Amino acid sequence: MRTTALTSGRAKPIVTRAPKRNDDRVILHFDYDCFYASVFENANPTLKGLPLGVKQKSILATCNYAARARGVKKLMLISEAQKICPDIVIISGEDLTPFRDASKKLWSVLRSHSWNGRVERLGLDEVFLDVTDVIAYNAELLNRNALQDSFFQLSRQDPEKGFSFDATRFFGCVHPSVEAKNVSILLDEPLYVRLLLASHLAGYLRHKLEEDFGYTSSGGISTNKVLAKLAGSVNKPKNQTALLGLRDADIQNFVDGHKLRQIPGIGSRMAQLIQDYVLSEDTTGDSHDLEIGAKVTVQDVRQHPDMSADLLERILDRPGAERGSGDKVWNLLHGVDTSEVKEASDVPTQISIENTYMSKPLNTPGEITRELHALATSLVRRMRIDLTATDEIDPSDPASQSGQQQRWIAYPKTLRLSTRCRPKPNSTPSNSTAESFSRNSRSQPLPSFVLNLRDESIEAIAEKLASEVLLPIFRRLNPERQGWNLALINICVTNMVMVADPNENGNGGGRDISRMFRTQKDKLREWTVYDPTHIQESPASTHTVHPEENADKAEEGEWDEDVGVIENPTVSSDPDADTWEDEEESQRCHLCGHAIPLFAMPAHERFHSIGD
DNA sequence: TTGGACGAG
DNA sequence: ATTTCTCGTCCAA
């Protein structure tokens, strides 16, 4: 993993060894075929077979394979696509809602087959699964005397749950290809067996996504994320590839064949720096690029004189550079990737909404206000979709008017506004990534009225958010009186705080809605502000502050910033909770249901934050 | 914590 | 009519 340095009286490494791969894991990668287009095809099957393009502003975000067969490409101008393919069907994909919904649906299926909860989404159309445990279990079960009639168990509890498969062959493609006659010998190789089993699991899941929802996908099967993803690209669409790494050379040859820029984790910036270095003594000063980092292969870089992790670190070292990127890239060039598949989480770390105004930049305060308002509306809507849950309420609960209650499962503490001014019609074309491309932003705490779920409409909240909060931030960000030439506005909420799940606290226990995903519970528990059992075990060790107590202190103008332990914010059946109920100037906290006087709300909400 | 750079699709 | 709409991580200040 680490490059070794043979030092002979000198400080610098003289020999750099290739990092060693770790084949302990089994990782699957799924990539839904032309996802945006598929969403529309599935919503409207008459579109299937027609050339279809999904547009955002003036470009094609993506297109289906019928369109690609006619020469249409991703990111093409609409006008260009229509010239090539006049009968192409164009649908607007500027609203991402349908894609988000479909993505979540497919993701939840994959997630339900995970035993360890490691199910990571990358964008809307890719998913990594760490299935090491599932594969290990099935490898033990494999009966080598009846390989053709094998059964893959998807559950440890229910041995009936699973599927039949033929273990004498791989599902889908393998790379590099292997002779059929070798198969029985290779069954003594544990890695081979695990990849074989994984290919059938991947095949089963891809089949299920297609059968149940109509989405075809491409799959990659390997021992880490970067290799799984690269493997998945070998046979697209509607197919999969298991990357056999029985010999180190098989992996190295596979990775070596890629252009630098094709390696996930090496972006345009790094690719440019590395390529420039590798080509520097080479000729012509001709460094103008059609595709950045597309001139040079992994092999070219690896075999360049004196190339090493340390040298890469120096090549990539610039102000603000990530430390350790030399090692990271060196590893990637050898197919080594130690990064874990992240655990599934229901809560995003940020939600942002943006719009671009390229052809018609914004200049007047009126335009700005209108756009801020539109964006604020979408943002509040998104916050409610992604950050709240709806519980069925026990009718004996005095707080319940209807049979349902919406509550935040997490809420953001920070609001940010970003803008970008229009790239000036400037003279230096090399400037295309520099100034014209950058965003500026200002942020501040998110005001609590945005979290009001009860007595203000989304519209009212958005209105207030735009005029009373976003507009002032905008003025801070853009002090000029006018002439901004705004090409982009983005508003973002971030800095999420998890809220305890009422269904999780032991008390009463009546409505423990059985959860689909155990791992989600575990994840949540980690964030639970209050755990009754824990408090009982060590009652005296920390100072417990009750919300009412603090409301009193706040009224007197006292506030203790350093609150240690927080009273359970989820107990809404507490008889004392209604203390403020009939006061005119009070409202219920949207996080815990306690009635809190308005003046104390900001303070009260700080209770729900974790850590301080 | 804030604001920006860069990575991903 | 060269850039869509996001989401996540990391770094310096």
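The structure displayed is predicted, hence computed values, not measured ones. Letters go in sequence order (proteins before strands), and every chain restarts at 1. Side chains included, hydrogens not; waters and symmetry mates left out as well; all remaining heavy atoms used.
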Query raised in the report: In whole angstroms, how far is the C1' atom of B:dT2 from the CG atom of A:Leu417?
Result: 14 Å
Query raised in the report: Across the strands shown, which category fits A:Leu75 at heavy-atom distances under 4.0 angstrom: base, sugar-phosphate, nothing?
Result: nothing
Report task. Give one of base, sugar-phosphate or nothing for A:Leu77, where a contact means two heavy atoms less than 4.0 Å apart. Result -> nothing
Query - Minimum-distance nucleotide (side-chain atoms of A:Lys57 versus C:dC5, B:dA8, B:dG7) - result: C:dC5
**Report entry** Minimum-distance nucleotide (side-chain atoms of A:Pro348 versus C:dG8, C:dT3, C:dC11)
**Finding:** C:dG8
Report task. Choose from C:dT6, C:dC11, C:dT3 the nucleotide whose nearest atom is closest to any side-chain atom of A:Met358. Result -> C:dT3
Report summary line: Of the candidates B:dG9, C:dG8, C:dT6, the side chain of A:Gln350 sits closest to C:dG8
Query raised in the report: When you check the phosphate oxygens OP1 and OP2 of C:dC5, does a side-chain N or O of A:Arg439 lie under 4.0 Å from one of them?
Result: no
Requested in this report: Can you tell me the distance, in whole Å, between the CG atom of A:Leu124 and the P atom of C:dC5?
Outcome: 13 Å
Query raised in the report: Taking OP1 and OP2 of C:dG8, is either one under 4.0 Å from a side-chain nitrogen or oxygen of A:Thr349?
Result: yes
Report task. Return the set of residues passing side chain to side chain donor-acceptor pair (under 3.5 Å) with A:Asp300 (not counting sequence neighbours), or none when no residue passes. Result -> A:Thr297
Query raised in the report: What is the nucleic acid contact for A:Glu126, judged by heavy atoms within less than 4.0 Å: base, sugar-phosphate only, or nothing?
Result: sugar-phosphate
Query - Contact list for residues 62-96 of chain A, test ring-ring contact (aromatic ring centres under 6.0 Å, His included), sequence neighbours left out - result: none
Requested in this report: Answer with base, sugar-phosphate or nothing: what part of the nucleic acid does A:Gly93 contact at a heavy-atom distance below 4.0 Å?
Outcome: nothing
Query raised in the report: A:Asn440 near the nucleic acid: base, sugar-phosphate alone, or nothing, with a heavy-atom cut-off under 4.0 Å?
Result: sugar-phosphate
Report summary line: Among the nucleotides C:dC11, B:dG9, C:dA1, whichever has the atom closest to the side chain of A:Ser58 is C:dA1
Report task. Using the six-membered ring wherever Trp is involved, compare the ring planes of A:His29 and A:Phe128 and label them parallel, tilted or perpendicular (cut-offs 30° and 60°). Result -> tilted
Report task. Tell me what A:Arg323 touches on the nucleic acid: a base, only sugar-phosphate, or nothing, going by heavy atoms under 4.0 Å. Result -> sugar-phosphate
Query raised in the report: At under 4.0 Å, does any side-chain N or O of A:Arg318 touch on OP1 or OP2 of C:dC11?
Result: no
Requested in this report: May I have the distance from A:Arg121 (atom CZ) to C:dT6 (atom P), rounded to whole angstrom?
Outcome: 14 Å
Report task. Classify the angle between the aromatic ring planes of A:His258 and A:Phe254 as parallel (below 30°), tilted (30 to 60°) or perpendicular (above 60°). Result -> perpendicular
Report task. Can you label the angle between the A:Tyr215 ring and the A:Phe35 ring as parallel, tilted or perpendicular, going by 30° and 60°? Result -> tilted
Report task. Consider the side chain of A:Ser352, meaning its heavy atoms from C-beta on, and name the nucleotide among C:dC7, C:dT4, B:dG9 that approaches it most closely. Result -> C:dC7
Query raised in the report: How would you label the contact of A:Glu80 with the nucleic acid (heavy atoms, under 4.0 Å): base, sugar-phosphate, or nothing?
Result: nothing
**Report entry** Candidate nucleotides C:dG8, B:dG9, C:dT6, ranked by approach to the side chain of A:Lys229 - the nearest
**Finding:** B:dG9
Query raised in the report: Out of C:dC5, C:dC10, B:dC6, which has the shortest distance to the side chain of A:Arg269?
Result: B:dC6
Query raised in the report: Are any of A:Ser443's side-chain N or O atoms less than 4.0 Å away from OP1 or OP2 of B:dT1?
Result: no
Query raised in the report: In whole angstrom, what separates A:Ile353's CD1 from C:dC7's C1'?
Result: 12 Å
Query raised in the report: Does A:Trp107 have its ring centroid less than 6.0 Å away from the ring centroid of A:Tyr32?
Result: no
Report summary line: Considering only heavy side-chain atoms of A:Met270, the closest of B:dG7, B:dG3, C:dC7 is B:dG7
Report summary line: Closest of B:dT1, B:dG4, C:dG8 to the A:Lys413 side chain is B:dT1
Query raised in the report: With a 4.0 Å cut-off on heavy atoms, is A:Lys225 in touch with a base, just the backbone sugar-phosphate, or nothing at all?
Result: nothing
